Structure formats: C-alpha cells, structure tokens
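Working notes, structure below.
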Amino acid sequence: MWYDTLVCNCVQTTFLGVCNMENENQKKVILSGIQPSGELTLGSYLGAIKNWVKLSDEYECYYMLADLHSITVRQNPADLRRRTLTQIAAYIACGLDPEKNTIFIQSHVPAHAELGWVLDCYTMFGELSRMTQFKDKSAKNADNINAGLFTYPALMAADILLYQADLVPVGEDQKQHVELTRNLAERFNNRYGDTFVIPEPLVSKVGAKIYSLQDPTKKMSKSEENPKGTIDLLDEPAVARKKIMSAVTDSLGIIQYDPEHQPGVSNLLTILSSLNGESIESIVERYKGKGYGDFKKEVGAAVFDFLSELQAKYKEILSSGMVEQVITEGNEKARRSAHKKLMKVKKKVG
Ligand code: AMP
Ligand code: TRP
C-alpha cells in the first residue's frame, strides 16, 4: 500500500485549516510539479513521478509543469518550448493517466502568478533567506541572484494552496518549501479566517533521494555537469547501462546498505529496489559473498529494461498528438479550480 512507503512528518492536515472533505466521499487533493529546466532523470522519476502514479486512484491529483519556476534560472527559449511538450509526454509515459489526473502548465493558469504576488506580501525576508535551495542556487548562479529565485518558495506555496492540496508528494529536497507553505497558510488563516488547507509533504522512504553515479554524496540532478553521473529518462538504454557499470563505488567489496560509508553501493541498492520492487534487505541477502560486477550488471539490466519500455511509450505518445489535448483540458480544469480560490483570497484581503 502507498501509505506504507511514505513518511508524513506533519500534524494532521484538516484540523489546522479548511477541510476539503465536505462530505466523506470527497477525495483528498494532491498537487505537485517539476520544472522543465532540464531533461527528466531517473531521480525525478524515482523521487517524484513514480509516486504520483500510485496516488491517482485514491486522490484528486493535479500535476503541473512548473515553468514559471524554471525561469528563475536562465533557460534557452527553444529548449523550454520543446520541453513543455516532451515533459508532459514523459509524465504520461511514466504512467500518469490523463483521465485520472489533471495535468497542466503553470504559466497557462494566471492565478499562480497572482496568488504568488499576494503571498510574497505575507512572506518574510528572513524566512526566504533560510531556504537551503536558495542558498545552493545562489552559489551556483552567482551572476544571476534575481528576485524570482529568492521569492520562488512563495510561488510554490501559491501552486499548492490554490488547489486546496492536502498532500504534496516531493523529494526530500523540497520538504522545506512545503513547511514554509504550511506556515504561510496558517499565517493567512489566522489573520483572515479559514481560507487555505494546510498541506503536508509526502516523501517516499525508498527513492526519496537518488544520488549522482559519479559523486554519490550529491543529488542526481537535471543540471549536473558530468553526464556520466546522471541517467536521463531519454538516454539510450545501452548508454544508461554503461553509466551504471562505471558508477563510483568503494574498495570495501561488500554489498550492504550503508549510505555513510558506502554511498555509491547504497545508491545502486536504492535504484534497484525502487525499480524491481524487491526490498533492499532481500537484495543484500542475495548478494552475500558476491562482488560488485554481478550486482552492477543486475542494476544495469533493470535500468535498461525500464528505459526501453518507457521510451517506446514516450515515442508513441508524442507522435499521437495527445499531449496538446491533455494540456488544453488540464489547463481548463486547473484554471476553473484556481480562479475560485484566488477570488476568495482577493475578497479576504480587501
Ligand atoms: P527537479 O528535478 O530537481 O526539478 O525535482 C523534481 C522533483 O523530483 C522534486 O520533487 C524532487 O524532489 C524530485 N527529485 C529530483 N531529483 C531527485 C533525486 N535525485 N532523487 C530523488 N528525488 C528527486
Ligand atoms: N520547486 C519544485 C522543484 O524544484 C517544483 C515545484 C514547483 C513544486 N511548484 C510546486 C513541487 C508545487 C510541488 C508542489 O522540484
């Protein structure tokens, strides 16, 4: 069951804010998004999209392409335009069913930018200064520390609060932003009366953080400079297998889950376990007394099979023309829902 693999660190949602469950049959709401700032990686899939797919049946789900967030870092316009389509195709190829989920583009729903501004006015400079991602990204883009990069978490809060999301499935690195969203929602509710649902982050236990294959102390990231460290969902499967075979490990020669002393091996264990559904303990048991070569071959084969299947679906989806239709319908539904909340907020603020 999905609940077994997730950790919710926060207090029960509905007691603190507005309740979504007007009647018991109404589903709880989920919202999440990924920036189209690079090609999706195995990390984006295992840390985020794979979990989204599992939630579709039980929740009312909104999944967006966070393009307004992506322009806080300079993007090549042609790449950004192309990725708007290909990332949605990848969402669907990863198993997100457009019949069950509202899939949309953030910048096509103007309420995000509008509520983002309102929330900017309720977010403190000190709070934003403490955001780890802001500190990391400022260090990486020292020549472009723009205001958008700084206020980015308030826009993310708007994304979440517009849809009354109860739960926000994200990787470990985004938890701090969801915590800030909770604080903003509570602050607003305390001042103006119940307006926002207080959301909780949902972080999966396995796969919450997939590390670079070349530096397993760093997150596998869309923006990593060394392509050998990252597996893109659109990498040739044979190339991806090679990346696994040359992944950095250690000289201990024991296959065990010990992220502190054996980050490389632990990362490969996480990848295999997330892909084949076998527990890490069981994989470790199977490899007792065996070497890294065989282990890497199995991880490589799992990645090869996964990518081959995914890419076949991806090509079919892109050539079918369904992406445009999914976006049109998703945007429309998202606009309707977001507009209602925005009107309520404007009224409350005066
Ligand atoms: P990003 O790819 O950084 O825009 O992140 C998109 C989503 O995928 C967020 O929820 C991240 O937390 C998650 N994510 C990205 N990279 C990883 C990774 N290496 N391991 C786990 N989750 C990740
Ligand atoms: N900031 C998130 C990231 O970098 C993307 C994102 C934007 C998001 N808005 C969101 C995630 C709302 C969850 C909910 O990965």
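As a basis for the values below, the full set of heavy atoms in this structure was taken, side chains included, without hydrogen atoms, waters or symmetry mates. Atoms within a ligand are numbered from 1 in the order they appear, just like the ligands themselves. These figures come from a predicted structure and were not determined experimentally.
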Backbone of [Y] reached by a side-chain donor or acceptor of [X] within 3.5 Å:
X: Arg83; Y: Pro36; answer: yes
X: Ser44; Y: Leu40; answer: no
X: Ser107; Y: Leu68; answer: no

Under 4.0 Å from a heavy atom of [X]: which atoms of ligand 2 are those, numbered in the order shown and with their elements?
X: Leu31; result: 12 (C), 14 (C)
X: Gln35; result: 3 (C), 4 (O)
X: Ala66; result: 7 (C)
X: Val168; result: 13 (C), 14 (C)
X: Met64; result: 7 (C), 9 (N), 10 (C)

Answer side chain, backbone, both or neither: which part of [X] comes under 4.0 Å from ligand 2, heavy atoms only.
X: Ser32; answer: both
X: Val170; answer: side chain
X: Ile160; answer: side chain

For the rings on [X] and [Y], is their centre-to-centre separation under 6.0 Å?
X: Phe104; Y: Tyr163; result: yes
X: Phe134; Y: Phe150; result: yes
X: Tyr45; Y: Phe306; result: yes
X: Phe188; Y: Tyr122; result: yes

Discussion item. Below a 4.0 angstrom heavy-atom separation, can you tell me which part of Ile210, side chain or backbone, both or neither, approaches ligand 1?
Written reply: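 The answer is both.
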
Discussion item. Counting only heavy atoms closer than 4.0 Å, does ligand 1 sit against the backbone of Lys222, its side chain, both, or neither?
Written reply: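 Side chain only.
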
How far is [atom] from the closest protein heavy atom, and which atom is that?
atom: atom 9 (N) of ligand 2; value: Asp159 OD2, 2.6 Å
atom: atom 1 (N) of ligand 2; value: Tyr152 OH, 2.7 Å
atom: atom 11 (C) of ligand 2; value: Gly33 O, 3.4 Å
atom: atom 2 (C) of ligand 2; value: Gln174 OE1, 3.3 Å

Worksheet item: Are any of the heavy atoms in Gln106 under 4.0 Å away from ligand 2?
Response: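 Judged by the 4.0 Å heavy-atom criterion, Gln106 does not count as contacting ligand 2.
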
Discussion item. Apply side-chain contact (heavy atoms from CB on, under 4.5 Å) to residues Met124 and Arg187 and explain how you reach the verdict.
Written reply: CA-CA 11 Å; Met124 299 302 133; Arg187 187 171 303 156; 4.2 Å; yes

Worksheet item: When rounded to the nearest 0.5 angstrom, what is the spacing between CD1 in Ile30 and CH2 in Trp52?
Response: 11.0 Å

Worksheet item: Out of Lys218, Lys219, Lys137, which residue meets the salt bridge (Lys or Arg N to Asp or Glu O under 4.0 Å) rule with Asp173?
Response: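 Among Lys218, Lys219, Lys137, the one that satisfies the salt bridge (Lys or Arg N to Asp or Glu O under 4.0 Å) with Asp173 is Lys219.
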
With heavy atoms of [X] as the reference, note each atom of ligand 1 found under 4.0 Å away.
X: Ala48; answer: 7 (C), 8 (O), 10 (O)
X: Gly47; answer: 21 (C), 22 (N)
X: Gly43; answer: 14 (N), 16 (N), 17 (C), 18 (C), 19 (N), 20 (N), 21 (C), 22 (N), 23 (C)
X: Lys219; answer: 3 (O), 15 (C), 16 (N), 17 (C), 18 (C), 19 (N)

Discussion item. When you compare ligand 1 with Met220, is there at least one nitrogen or oxygen pair between them that comes in under 3.5 angstrom?
Written reply: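 Yes - when backbone and side-chain N and O of Met220 are compared with those of ligand 1, one distance drops under 3.5 Å.
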
Item to complete: Decide whether the shortest distance between a heavy atom of Ser44 and an atom of ligand 1 is less than 4.0 Å.
Response: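 Per 4.0 Å heavy-atom rule, Ser44 contacts ligand 1.
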
Discussion item. For Ser266 and Gln262, which I'm curious about, is there any donor-acceptor pair between the side chains at under 3.5 Å?
Written reply: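 No, Gln262 and Ser266 have no side-chain donor paired with an acceptor closer than 3.5 Å.
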
Worksheet item: Going by distance alone, is a donor N or O of one side chain under 3.5 Å from an acceptor N or O of the other, for Thr41 and Lys222?
Response: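 Not at all, the side chains of Thr41 and Lys222 share no donor-acceptor pair under 3.5 Å.
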
Discussion item. I want to check a possible cation-pi pair here: Lys333 against Tyr62, using under 6.0 Å from ring centre and within 45° of the ring axis as the test.
Written reply: yes

Worksheet item: Any idea which of Thr270, Val203, Leu46, Asp173 brings a heavy atom closest to atom 12 (O) of ligand 1?
Response: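 Going through Thr270, Val203, Leu46, Asp173 one by one, Asp173 has the nearest heavy atom to atom 12 (O) of ligand 1.
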
